[in-house]
Amino acid sequence: MDNRKGILVCGEFAEAKLAPITIELLGLGRKLANELGEPLSVLLMGSKASGLTQETIAFGADNVYVADDALLDQYNSDGYTQIAANLCQQALPSIVLLGHTDVGMDLAPRLNARLGGGLAMDCLALSIDPATQLLASTRPVFGGNAHATMLAKSARPQMATVRPKTMPPAARDDSRQGQVLPVEGKVDPSAIKVKVVERTKEQVEGVKLEDAEVVVSGGRGIGGAQNFAMLRELANVLGGAVGATRPACDEGWVPVRLQVGQSGKVVSPKLYIAVALSGAMAHIAGCLGSKVIVAINKDKDANIFNVAHFGIVGDYKEILPALTAKLRELKSG
Amino acid sequence: MNTIVCVKQVLDPEIPPAKFKIDAEAKQVIPPAGVPPVISVYDERAVEAALRLKDKHKGKITALSMGSEKAADVIKHAIALGADDGFVLQDAAFENLDSFGTAYVLAKAIQKIGEYDLVLCGRQAADWGAGEVGSILAEILGIPVITLASEIQAQDKTLRVKRIVSDGFEVLEAPMPCLITVGSEIGLPRLPAGPRLMMARKKVIPIWRAQDIGAEPTKLDKQNAHTEVIGLSVPTRKTECEMITGATPADAAAHLAAKLSKLI
Ligand SMILES: Cc1cc2nc3c(=O)[nH]c(=O)nc-3n(C[C@H](O)[C@H](O)[C@H](O)COP(=O)(O)OP(=O)(O)OC[C@H]3O[C@@H](n4cnc5c(N)ncnc54)[C@H](O)[C@@H]3O)c2cc1C
């Protein structure tokens with residue numbers, strides 16, 4: 001039925017470097033492509049994309065499509081959808097992979113709406129189903145309480161967004177060879193209905209949550225904005241960052257960008273200290289990659305103790321100050 | 001300003017993980033007894049977003065829910081919060097539709113309603129959470145779409161939308177009519193006001209079937225589903241948690257500090 005072939009990764013980059021998620025997708029894509037015996041291609045969009053083609057090939061791409069267009073320098077939904085959809089209609093990939101990132105979360109459903117494929121969002125595992133040779137995509141449902149595996153039997157392309165930090169990054173091999181192919185056609189400016197009028201980077205004091213080696217997260221049980229100072233102090237002693245659950249963000253105790261979880265940030269620090277949060281699956285989804293999880297909760301039956309390596313049952317207000325003081329002492333000693 | 005809000009009724013996602021049970025064979029979740037279904041969190045925030053616009057600009061809010069007859073409850077909830085009107089889309093042919101089928105049914109209902117400036121959806125449903133329906137719906141309606149909004153302002157025929165991105169935020173502008181999906185960043189929803197609650201409870205919510213909205217059977221045929229669930233499982237990840245104790249909480253904290261200082 002199908003003259004579609006190959007895997008297409010929608011790449012992302014910033015400041016002349018491929019985004020970590022794209023290198024993860026290249027690792028995954030290479031594996032799936034080898035299994036199917038089909039090529040792996042990457043689409044890079046923007047006027048600076050051509051500087052990244054060799055790196056993309058070194059990380060495993062057979063073909064790199066470059067959409068060299070200044071209208072694609074910043075992500076805009078209409079322009080990206082247009083160019084990616086055109087390429088998919090010309091190159092006819094059988095599988096399209098995106099990161100579950102700001103870009104992917106917006107672009108994937110729009111692209112799929114236009115192409116009429118079958119999409120699975122926020123995937124944790126992807127494989128080729130041996131019986132059908134189709135892409136089997138496993139994703140969290142019911143707030144992470146269950147995992148569903150999906151197939152697209154006939155809709156094409158088969159699409160997935162992949163959660164960052166769930167796949168090992170591709171290995172770099174600078175001797176790899178590949179083709180660079182220009183994408184024909186430019187963005188039609190009249191099709192850009194939604195205009196980006198402002199984009200502001202927020203300056204973060206101290207360590208960035210996503211990069212921190214230690215994260216101290218607080219939940220609803222923290223009880224107020226002021227009490228987060230205790231978490232900040234502990235984070236400072238450990239050179240880490242503060243995170244939060246959705247309720248703590250909803251209440252305005254901390255900025256929403258500190259939300260960890262399925263609909264927030266995914267972190268994978270060496271140490272994750274979960275304070276006064278119950279450990280709902282949708283929250284844990286954002287920190288399961290942590291090496292060591294510590295839970296402090298007054299409810300001994302809280303779910304967080306099911307995923308933690310160390311736990312203390314008790315009121316965090318009585319525990320955190322002592323913990324911070326002792327760690328400070330041990331560090332200076 | 002006329003706004004249509006799409007709301008879904010879901011199994012309460014906040015039931016404790018221990019109570020969460022599935023039928024792996026049927027690939028369905030078994031709703032625990034005595035836990036009533038709720039309006040999906042993000043859809044409730046979408047209602048809140050609509051209400052904030054109405055507070056400023058007046059106009060009409062219509063809520064739409066595809067689901068069982070019980071979905072009238074989420075329409076009533078939206079009305080209690082301040083929506084004016086609502087419809088339930090219920091038909092045997094609507095059961096277990098994928099995102100494309102769902103968006104198709106919603107689009108047909110919206111086209112039947114006719115006039116609108118804005119369609120709002122939650123960013124994703126709290127149950128299957130595909131996060132696709134809004135984008136497909138906009139594509140079918142042929143209107144611009146903005147996903148994951150954290151703030152919406154309207155001026156004349158233009159919408160100004162803030163969305164949070166990982167390292168900051170961006171502000172987008174789109175002409176009306178437009179579709180916007182709403183994230184939790186928009187803020188907490190208001191509580192229903194007492195008298196509206198009574199009024200909403202008594203309200204009869206019309207039910208629209210496939211033929212009422214002119215939905216074509218081929219579009220609802222499960223054979224044409226874009227995606228299919230072939231497996232459902234409950235992730236098991238039980239770690240051995242070492243409980244740290246002490247004579248006092250401060251003591252326990254000191255023991256924990258000693259363990260942690262070896263790790264970092
Ligand atoms: C589709 C979907 C996506 C979601 N995405 C996210 C997400 O990205 N991130 C997220 O966090 N949530 C998310 N949620 C919400 C999630 O399901 C939970 O509602 C939320 O994580 C609970 O937050 P919490 O643990 O802070 O609050 P609660 O569940 O209310 O827990 C509070 C905890 O604090 C403890 N406590 C109270 N006082 C003290 C004290 N003095 N000392 C010690 N312990 C105390 C209590 O014992 C309790 O365990 C999502 C839900 C859905 C359905």
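Chain naming here is simple, since letters A, B, ... match the order of the sequence lines and numbering starts at 1 in each. When reading the values below, keep in mind they use all heavy atoms of this one structure, side chains included, and skip hydrogens, waters and symmetry mates.
With rounding to the nearest 0.5 Å, the separation of CD in Glu318(A) from CG in Asp251(B) is 12.5 Å. Taking CG of Leu256(B) as the start and CD1 of Ile319(A) as the end, the distance is 9.0 Å to the nearest 0.5 Å. Atom CG in Leu172(B) sits 7.5 Å away from atom CZ in Arg199(A) (nearest 0.5 Å). Between the CG atom of Leu188(B) and the CG atom of Asp250(A) there is a distance of 4.5 Å, given to the nearest 0.5 Å. Note that CE of Met159(A) and NE2 of His226(B) are 12.5 Å apart. Values are rounded to the nearest 0.5 Å. Distance CD/Gln158(A) to OG1/Thr227(B): 11.5 Å, rounded to 0.5 Å.
Under the 4.5 Å side-chain criterion, counting only non-hydrogen atoms from C-beta, Met281(A) is in contact with Pro235(B). Taking the side chain as every heavy atom from C-beta outward, Glu185(B) and Arg257(A) never approach each other to under 4.5 Å. In this structure, the side chains of Arg160(B) and Val197(A) come closer than 4.5 Å at one or more pairs of heavy atoms. Residues Cys241(B) and His309(A) fail the side-chain proximity criterion, which asks for heavy atoms closer than 4.5 Å. A heavy-atom distance below 4.5 Å is found between the side chains of Ser166(B) and Glu210(A). Within the 4.5 Å cutoff, side-chain heavy atoms of Ile273(A) are placed close to those of Leu260(B). In this structure, the side chains of Glu132(B) and Asn112(A) come closer than 4.5 Å at one or more pairs of heavy atoms. Side-chain contact check for Leu232(B) versus Val141(A): some heavy-atom pair is nearer than 4.5 Å.
Taking non-hydrogen atoms and a 4.5 Å limit, the residue list of residues 29-48 of chain B in contact with chain A, ordered by number, reads Val29(B), Val41(B), Tyr42(B), Arg45(B).
Taking each heavy atom of Ala146(A) and Ile22(B) in turn, the nearest pair found is CB-CG2, 4.5 Å. Residues Gly131(B) and Met121(A) come closest through the heavy atom pair O-CE, 3.9 Å. Minimum interatomic distance between Pro144(B) and Val194(A) (heavy atoms only, all atoms of both residues): CB-CG2, 3.8 Å.
Between chain A and the residues Ser233(B), Ser261(B), Ala250(B), the most heavy-atom pairs under 4.5 angstrom are made by Ser233(B). Per-residue heavy-atom pair counts under 4.5 Å with chain B were compared for Gly311(A), Gly143(A), Pro321(A), Pro140(A), and the maximum is reached by Gly311(A). Counting heavy-atom pairs closer than 4.5 Å to chain B, the top residue among Leu327(A), Leu119(A), Val196(A) is Leu119(A).
In this structure, Lys165(A) places its NZ atom where more than 12 heavy-atom neighbours from other residues, nucleotides or ligands lie under 6.0 Å away. Atom NZ of Lys259(B) has 12 or fewer neighbouring heavy atoms from other residues, nucleotides or ligands inside a 6.0 Å radius. Heavy-atom contacts from other residues, nucleotides or ligands closer than 6.0 Å to CG of Asp211(A) number more than 12. Residue Lys265(A) qualifies as enclosed at atom NZ: its count of foreign heavy atoms under 6.0 Å is above 12.
The parts of Glu228(B) that come within reach of chain A are both its backbone and its side chain, each placing non-hydrogen atoms under 4.5 angstrom from that chain. Heavy-atom distances place the backbone of Pro13(B), and not its side chain, under 4.5 Å from chain A. In this structure, the portion of Leu11(B) lying under 4.5 Å from any heavy atom of chain A is its side chain and not its backbone. Only the side chain of Leu148(B) comes within contact range of chain A, with heavy atoms under 4.5 Å apart. Interface residue Ala252(B): backbone and side-chain heavy atoms are both found under 4.5 Å from chain A.
Remark: side-chain polar atoms of Thr239(B) are paired, donor with acceptor, to backbone N or O of Val307(A) under 3.5 angstrom.
Relative ring orientation between Trp128(B) and Phe142(A) is described as perpendicular, the plane-to-plane angle rising above 60° on a 0-90° scale split at 30° and 60°.
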Side chain to side chain contact (heavy atoms under 4.5 Å, CB included) between Phe169(B) and Val256(A), worked out: CA-CA 11 Å; Phe169(B) 66 87; Val256(A) 289; over 6 Å; no
Full working for side chain to side chain contact (heavy atoms under 4.5 Å, CB included) between Asp106(A) and Ile146(B): CA-CA 8 Å; Asp106(A) 183 75; Ile146(B) 297 175; over 6 Å; no
Chi angles and distances behind the side chain to side chain contact (heavy atoms under 4.5 Å, CB included) call for Thr200(A), Glu170(B): CA-CA 6 Å; Thr200(A) 304; Glu170(B) 56 185 23; over 6 Å; no
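With respect to Glu173(B) and Lys195(A), no salt bridge is recorded, no charged nitrogen being found less than 4.0 Å from a carboxylate O.
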